[in-house]
Amino acid sequence: MNPMRSALAPLLLCFSSAAWAQIPDTEGPEEHKAQPVTAAPAAPVSVPRCTQVLPQPRNPMAFAPGELLDFDLDAMGATAGKMTMQVQKKQDGVLPVQIKVQTNSFFSKVRRVDATAVSYLHPKTLRSSRYTEDAMENEVRRTVEVAFNPNRRSVRVDYTLKGKKGHNDLTYEHDGLDVAGAIYMLRQLPLKEGLPVCFDVYGVRRMWRMAGTVLKREHVSMPLGEFEAWHLSGTAVRLDKPSQSREVHVWISDDARRLPLAAVGSIDLGAVRATLTSFSRPGEQARQSQGKEALKW
């Protein structure tokens with residue numbers, strides 16, 4: 001499994017992303033191997049049910065066009081690259097959020113990634129209407145165009161990989177988001193200890209069930225400063241293959257800015273993490289990390 005691509009969805013998924021839970025574009029050969037006749041049947045794995053819809057987003061919004069967030073990405077204990085998230089000006093009645101990910105020179109020896117994604121959100125409900133990706137992974141280009149239909153609770157996915165076109169039709173239960181838009185939805189939820197959070201999220205041509213809970217309010221010490229933050233913990237489960245799941249932890253500042261401070265996710269090869277290192281917001285002085293070495297909770 002590609003470590004960097006495996007990190008992107010978990011880190012974007014609930015800041016996942018999530019998070020979050022990236023998988024290869026094709027199933028691994030191990031999934032097609034015949035099982036020994038003597039092997040005991042595996043225990044059935046099910047997708048957790050979302051018993052309720054997401055709460056309505058709070059007002060006013062914690063972010064506005066012009067906000068820019070910068071993150072360091074770490075994979076398996078090594079610095080892997082940078083990620084930026086920028087809220088753009090409204091276009092045709094939607095609010096675009098652009099995500100850029102680029103590996104550093106060291107990690108590029110393992111896998112070179114230069115990717116841009118754009119999430120098109122409803123400016124009031126923050127529901128996803130469209131999501132696009134354009135990524136270069138080594139010498140291979142991958143593009144994705146995703147369209148959400150809330151009336152049918154369906155998702156149309158058109159993609160190209162190695163010059164070949166493909167298409168998927170997916171569905172979701174109550175709330176369908178994309179991996180980038182999910183971060184901004186989480187920032188607007190009325191967070192409190194014990195609040196259950198459950199929604200379906202698009203990532204890597206699949207839909208995942210993100211089910212979690214707001215654990216508690218914690219003090220977070222990081223190079224960017226000292227924060228009081230809400231700690232969210234959950235699991236992303238692939239809807240069409242529940243045996244694939246990824247654990248997710250997210251910290252969101254408990255203030256008017258609702259900053260996504262850090263996200264930690266698990267992949268098959270270890271942990272991945274995104275850490276906020278600087279941010280700039282309209283009408284505020286830009287803020288950058290001060291050089292401390294480690295995060296402390």
Side-chain angles (χ1 to χ4, degrees), residues 5-23 25 50 53-54 57 61 63 69 71 83-88 90-101 115-135 142-160 166-189 197-212 232 234 236-240 246 248 250 260 263 265 274:
R5 290 178 54 198
S6 298
L8 185 55
L11 290 174
L12 288 182
L13 183 71
C14 268
F15 174 83
S16 276
S17 271
W20 299 203
Q22 197 80 293
I23 59 172
D25 283 309
C50 284
V53 300
L54 286 173
M61 291 292 178
F63 50 86
L69 309 177
F71 299 87
M83 177 171 70
T84 63
M85 310 177 74
Q86 185 171 30
V87 182
Q88 301 181 330
K90 292 182 183 179
Q91 299 176 10
D92 301 322
V94 296
L95 185 66
V97 176
Q98 183 184 76
I99 314 293
K100 290 188 176 184
V101 175
T116 299
V118 181
S119 175
Y120 298 85
L121 306 176
H122 188 287
K124 292 184 179 180
T125 68
L126 298 182
R127 294 315 195 262
S128 305
S129 62
R130 183 173 163 236
Y131 174 79
T132 64
E133 286 182 6
D134 192 340
R142 175 171 55 89
T143 66
V144 181
E145 179 80 30
V146 182
F148 290 81
N149 187 327
N151 294 327
R152 297 181 179 180
R153 295 179 182 174
S154 64
V155 181
R156 177 185 173 90
V157 183
D158 294 293
Y159 62 88
T160 60
H167 169 78
N168 285 336
D169 287 310
L170 309 172
T171 60
Y172 57 89
E173 188 173 10
H174 297 306
D175 298 287
L177 307 174
D178 64 72
V179 290
I183 301 169
Y184 290 83
M185 173 63 79
L186 287 178
R187 294 176 66 183
Q188 288 303 130
L189 295 183
V197 178
C198 187
F199 55 88
D200 294 339
V201 59
Y202 167 83
V204 200
R205 307 206 314 266
R206 300 291 189 271
M207 294 300 293
W208 301 71
R209 175 68 45 80
M210 187 66 197
L232 292 81
V237 179
R238 185 170 145 182
L239 293 187
D240 65 330
R246 298 290 184 268
V248 178
V250 183

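- For R209, the salt bridge (charged side-chain N to carboxylate O under 4.0 Å, His left out) partners two or more places apart in sequence, or in a different chain, are E173, D200.
- Seen from the ring of Y159, R205 counts as a face-on cation partner, given the 6.0 Å and 45° thresholds.
- In summary, E145 and R130 engage in a salt bridge, as defined by a charged side-chain N under 4.0 Å from a carboxylate O.
- For the salt bridge (charged side-chain N to carboxylate O under 4.0 Å, His left out) test, no residue two or more places apart in sequence or in another chain qualifies with R153.
- Between F71 and M85 the shortest heavy-atom distance is CE1-SD, 3.4 Å.
- For the ring-ring contact (aromatic ring centres under 6.0 Å, His included) test, residues two or more places apart in sequence or in another chain that qualify with F63 are Y184.
- Scored by the side-chain contact (heavy atoms from CB on, under 4.5 Å) test, D134 finds R141, T143 as partners (sequence neighbours excluded).
- Applying the ring-ring contact (aromatic ring centres under 6.0 Å, His included) rule to Y120 yields no partners; only residues at least two apart in sequence or on another chain are considered.
- Side-chain contact between L186 and V197: present, with at least one pair of heavy atoms (C-beta onward) separated by less than 4.5 Å.
- R152 meets the salt bridge (charged side-chain N to carboxylate O under 4.0 Å, His left out) test with no other residue; sequence neighbours excluded.
- Here K124 pairs with H122 under the side-chain contact (heavy atoms from CB on, under 4.5 Å) rule; sequence neighbours left out.
- By the side-chain contact (heavy atoms from CB on, under 4.5 Å) test, T171 pairs with no residue at all, sequence neighbours left out.
- In terms of the side-chain hydrogen bond (donor to acceptor under 3.5 Å, both in side chains) criterion, residue partners of D169 (sequence neighbours excluded) are, by chain and number, H167.
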